[in-house]
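One structure is given below, encoded as structure tokens.
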Amino acid sequence: MDHAADAQRTDLMTITRYVLNEQSKHPEARGDLTILLSHIVLGCKFVCSAVNKAGLAKLIGLAGDTNIQGEEQKKLDVLSNDVFINALKSSGRANVLVSEENEEPIFVEASKRGRYCVVFDPLDGSSNIDCGVSIGTIFGIYMLQEGSEGTVADVLKPGKNMVAAGYCMYGSSCTLVLSTGTGANGFTLDPSLGEFILTHPNIKIPKKGKIYSVNEGNAKNWDQPTTSYVEKAKFPIDGSSPKSLRYIGSMVADVHRTLLYGGIFMYPADKKSPNGKLRVLYEVFPMSFLVEQAGGQSFTGQGRALDIVPKNIHERSPIFLGSYDDVEEIKALYSAAEVKKE
Ligand SMILES: O=P(O)(O)OC[C@H]1O[C@](O)(COP(=O)(O)O)[C@@H](O)[C@@H]1O
């Protein structure tokens with residue numbers, strides 16, 4: 001009998017146990033973050049089951065409204081948004097909420113208010129919802145500033161101020177990747193237990209990758225550094241093999257692959273959208289936080305993504321994130337372009 005394997009098989013590290021262990025290192029937080037995260041996890045489990053049975057439950061298709069981004073809302077967008085808002089409110093630990101689907105911040109009523117602010121994209125990858133391709137939920141968590149009762153100023157802060165971030169991918173398996181500032185860990189939902197179990201401890205992104213991920217359909221509008229980077233990836237001049245292009249069109253799925261396999265994911269600025277497409281608070285920041293925790297880096301074309309000080313809650317930014325060396329390459333191309341301008 002292989003006792004070690006048995007011990008490992010029976011000693012389940014659930015996400016709750018993991019967060020409780022993390023939280024024990026911060027007694028001042030009184031378990032509040034654990035309670036908040038357990039409500040986010042509940043929301044992910046609900047959305048996972050809704051996504052899995054979307055076709056059966058007539059949850060495919062449009063809801064009939066348009067969100068602040070000008071996007072037609074999908075039924076699952078609206079359902080996921082409601083689930084997370086209610087779960088966060090009922091946690092009693094949330095104060096200011098920012099959702100991709102809501103034009104204004106949501107201020108939790110005083111009786112249920114807590115010390116955390118949550119920014120989230122309830123269902124990312126909308127263009128892939130109806131065809132069953134991997135989609136996900138993205139979230140970032142800030143603590144209220146000292147003495148604040150909870151205002152939008154508590155979330156218009158650099159991403160490096162976040163205390164935790166994560167995403168949950170609804171794909172062939174349901175995987176939640178989380179960081180509370182001490183590394184990034186992946187948990188897979190065991191449907192038979194209804195529990196997220198630690199399956200990817202202490203994720204370390206490969207220092208250099210063989211994959212680049214970008215919507216090449218926008219290539220004609222790219223700036224020079226992005227064009228040069230993709231050109232080099234396809235036609236390397238140093239005798240190395242060309243990189244492979246992988247693009248799912250769901251940021252959660254593209255970043256998840258990048259975290260595990262290495263490489264670079266980018267949504268650059270272009271002539272049509274000079275600030276890129278992806279939103280700083282609930283897409284760029286959480287993903288950049290996780291990538292940095294896994295040993296990679298995240299760049300905007302001008303600087304470190306987590307140093308951005310957002311001016312509004314739906315602000316967009318170009319993003320280049322992934323393996324340390326790959327992002328270094330694109331940073332070098334941007335600084336060379338800067339030198340040329342001078
Ligand atoms: O279709 P495009 O322009 O390549 O954009 C794809 C990107 O847009 C997104 O779908 C934006 O997110 P939403 O679906 O939440 O609006 C990202 O997941 C993805 O990386």
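Whatever order the structure lists ligands and atoms in, that order sets their numbers, starting from 1.
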Can you name the atoms of ligand 1, numbered from 1 with element, that are less than 4.0 Å from a heavy atom of [X]?
X    : value
L123 : 15 (O)
E100 : 13 (P), 15 (O), 16 (O)
N215 : 2 (P), 3 (O), 4 (O)
Y247 : 2 (P), 4 (O), 5 (O), 6 (C)
K277 : 1 (O), 2 (P), 3 (O), 5 (O), 6 (C), 7 (C), 8 (O)
E283 : 11 (C), 12 (O), 15 (O)
G125 : 10 (O), 12 (O), 13 (P), 14 (O), 15 (O), 18 (O)
M251 : 17 (C), 18 (O), 19 (C), 20 (O)

So, for [X] and [Y], is the gap between ring centers shorter than 6.0 Å?
X    : Y    : result
F299 : Y334 : yes
Y18  : F187 : yes
H39  : F84  : no

| task | Looking only at protein heavy atoms, identify the closest one to atom 3 (O) of ligand 1 and say how far it is in Å. | result |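 The answer is Y267 OH, 2.6 Å.
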Shortest protein contact, atom 19 (C) of ligand 1 (heavy atom only)
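Looking at atom 19 (C) of ligand 1, the protein heavy atom closest to it is G249 O, 3.3 Å.
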Would you call [X] and [Y] a salt bridge, taking side-chain N to carboxylate O under 4.0 Å as the test?
X    : Y    : answer
D254 : R257 : yes
K232 : D238 : no
E100 : R279 : yes
R304 : D307 : yes
K208 : D326 : yes

Polar contact flag for [X] and ligand 1 (N/O pairs, less than 3.5 Å):
X    : result
S126 : yes
F265 : no
S127 : no

- Query: Do we see a donor-acceptor contact under 3.5 Å between the side chains of E231 and T227?
  - Reply: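 Judged by distance alone, the side chains do not pair up.
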- Check the side chains of E22 and T182 for a donor-acceptor pair under 3.5 angstrom, ignoring hydrogens and angles.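 Checked: T182/E22 side chains pair up, N/O donor to acceptor below 3.5 Å.
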### Heavy-atom proximity to atom 12 (O) of ligand 1, best of D124, T137, I135, L278
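Shortest heavy-atom distance from atom 12 (O) of ligand 1: D124.
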Query - Under-4.0 Å heavy-atom contact with ligand 1, by part of E101 that carries it - result: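 Within the 4.0 Å criterion, E101 makes no contact with ligand 1.
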What are the two closest heavy atoms between L144 and E149, and how far apart are they?
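Minimum heavy-atom separation between L144 and E149: CD1-C, 4.3 Å.
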Checklist entry - Is N218 in contact with ligand 1, taking contact as a heavy-atom separation below 4.0 Å? => result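 Heavy atoms of N218 never come under 4.0 Å of ligand 1.
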Is it true that D121 lies under 4.0 Å from ligand 1, counting heavy atoms only?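 Contact check D121 vs ligand 1: positive.
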